[in-house]
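Note on naming: letters A, B, ... go to the chains in the order of the sequence lines (proteins, then strands), and numbering restarts at 1 for each one. Here the structure is a predicted model, which means the values were calculated and not measured.
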There are 2 protein chains.
Amino acid sequence: MKGSGGARRAPRSTPRPRGRPPGRSSRDGVIAGRDALLAAAERAIARDGPRVTLDAIAAEAGVTKPILYRGVGDRDALVFALAERLTRRMTDQVAEQVARTEDPEDMLRRLVRGYLELAAAQRNLYLFVTAGGVGDKRLQQSLLLADGAAQQFVDGIAAFRSARGADPAVATVWSYGLVGSLHYVTLWWLREPSLELETVTEHITSLLWTGLRLEEPVD
Amino acid sequence: MKGSGGARRAPRSTPRPRGRPPGRSSRDGVIAGRDALLAAAERAIARDGPRVTLDAIAAEAGVTKPILYRGVGDRDALVFALAERLTRRMTDQVAEQVARTEDPEDMLRRLVRGYLELAAAQRNLYLFVTAGGVGDKRLQQSLLLADGAAQQFVDGIAAFRSARGADPAVATVWSYGLVGSLHYVTLWWLREPSLELETVTEHITSLLWTGLRLEEPVD
DNA sequence: GCCTAAATCTACCTATGGTAATTTAATGTG
DNA sequence: CACATTAAATTACCATAGGTAGATTTAGGC
């Protein structure tokens, strides 16, 4: 439906030779493993921004496009794979920070801060992953972060206050809400870094922990 | 950088006539005003989904592509313009609902419900507007909803609890957080409508109003 | 009545995602 | 050791879609 490039064309006289060039085979060890391709993609994205072309990625990896396609699939699959990678990295790094405290509010604060830090440190990759897809595909993939990272945190919160029946639906909605607020504030902050990291962290933490209610007006 | 379509090619013998066809001029009233173009774009999007081509939009509007470009600009400008329109529509409709109550929590609840309702009612347009852009451009436009709709609501909340110094930075961060959580929950809900509208509304409202804290564990 | 100006359409370009045809190196077999 | 077979990978290609320039015709002014 998208690019059904079918070539059923009469043969022509091509001056340049086609086919495999002289070089070492691939049997002696996998030359371009999936991980190497993804790492190259991350490098290309960091360099060229979220609108990198697949040609640029393939060139960075030192392979040709069909190899890239055999290794990771089409562009959507690439976005998906990189989203998984980034999510895992974020989860790991943030989890380490979160584990350093016992206070739930402080856990949330560390989660927020870690999210902002990593997004800023890998700005282009973050944009590529969150804005890379299009249309319905995007609907599938943009939620990866929420699917993975936040769910376990919110589950933890839900378990913490185990007085209630621990409705799993609540945890799901909350985890999407949590990630969504983080994501939008991150986008805004990447665009206009007018506030300090710590300030933004405090404001989001306040919103998410205490809610909009706060206390009644003092009058 | 993108499509610098420069034609510096030797003239060919084209059988078909080029140029302006017989018809009425545009002096007697603007034929394809900006609003008409945008309305046609919305129709085409509703029909074809968020991946509509500009050709389809121009055809729906009954004009040719250059006219579309003169009227609204390139694709990013189109996304931007439609985002503005949708935002205004949402703001108006939601504001009407919000005004029917005095209780701040109920105002928030109505805001949430209205957001979900409109997004679901105009699913394709919502996806086009929120996922339409790419790369850095997206960073500019995806925040329109937050820029407009939520800010005034959060300002209201901030004014309501006027005890604090009403830091405008807090209101900004909160409004992005508010819209972000709405947006992500909406995407999830559009993908998997497993819960009733009212249930989702209650869960988000609870998260945003009360926060993750709730009460201490009962033990 | 002719010329200028404005408006617009067709045709085209360019860029990019994605794939098929083709060719060579490696490997197994008589 | 010569030869067929297979696997891999490169080049060239296609299709689609955004964006623009040149051609052309109508309307209005001198």
ask   = Of Asp55(A) and Pro66(B), whose nearest nucleotide on DNA chain C comes first from the 5' end?
value = Pro66(B)
Can you figure out which of [options] approaches the side chain of [X] most closely?
X	options	answer
Thr53(A)	dA17(D), dG17(C), dT19(C)	dG17(C)
Leu54(A)	dA20(C), dG17(C), dT20(D)	dG17(C)
Lys65(A)	dT10(C), dG17(C), dT11(D)	dG17(C)

Roughly, in whole Å, what's the span from [atom1] in [X] to [atom2] in [N]?
X	N	atom1	atom2	result
Ile57(B)	dG19(D)	CD1	P	11 Å
Arg70(B)	dC9(C)	CZ	P	11 Å
Ile67(B)	dG19(D)	CD1	C1'	14 Å
Leu68(B)	dT20(D)	CG	P	12 Å
Leu78(B)	dG19(D)	CG	P	10 Å
Asp48(A)	dA15(C)	CG	P	15 Å
Arg75(A)	dA15(C)	CZ	C1'	12 Å
Asp74(A)	dG18(C)	CG	P	5 Å

inquiry  = Whether Thr64(A) contacts dT10(D) is assessed here as follows: a side-chain N or O lying under 4.0 Å from the phosphate OP1 or OP2. Is that the case?
reply    = yes
Does [X] have any salt bridge (Lys or Arg N to Asp or Glu O under 4.0 Å) partners at least two apart in sequence or in another chain, and if so, which?
X	answer
Arg43(A)	Glu60(A)
Arg109(A)	Glu105(A), Asp106(A), Glu202(A)
Glu117(A)	none
Arg70(B)	none

request  = Compute the bend angle of the helix from dG1(C)-dC30(D) to dG30(C)-dC1(D) from the end axes (five pairs per end), rounded to 10°.
outcome  =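 Here the helix ends are tilted 30° relative to one another.
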ask   = Under 30°, 30 to 60°, or over 60°: which ring-plane class applies to Tyr176(A) and Trp188(B), parallel, tilted or perpendicular?
value =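 Plane angle under 30°, so parallel.
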message = The criterion is side-chain hydrogen bond (donor to acceptor under 3.5 Å, both in side chains); which residues satisfy it with Glu42(B), sequence neighbours excluded?
response = Arg85(B), Arg89(B)
request  = Flag the pair Arg110(B) / Val94(B) as yes when at least one side-chain heavy-atom distance between them is below 4.5 Å, and no otherwise.
outcome  =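 When only atoms from C-beta onward are counted, Val94(B) and Arg110(B) do not touch, as no gap falls below 4.5 Å.
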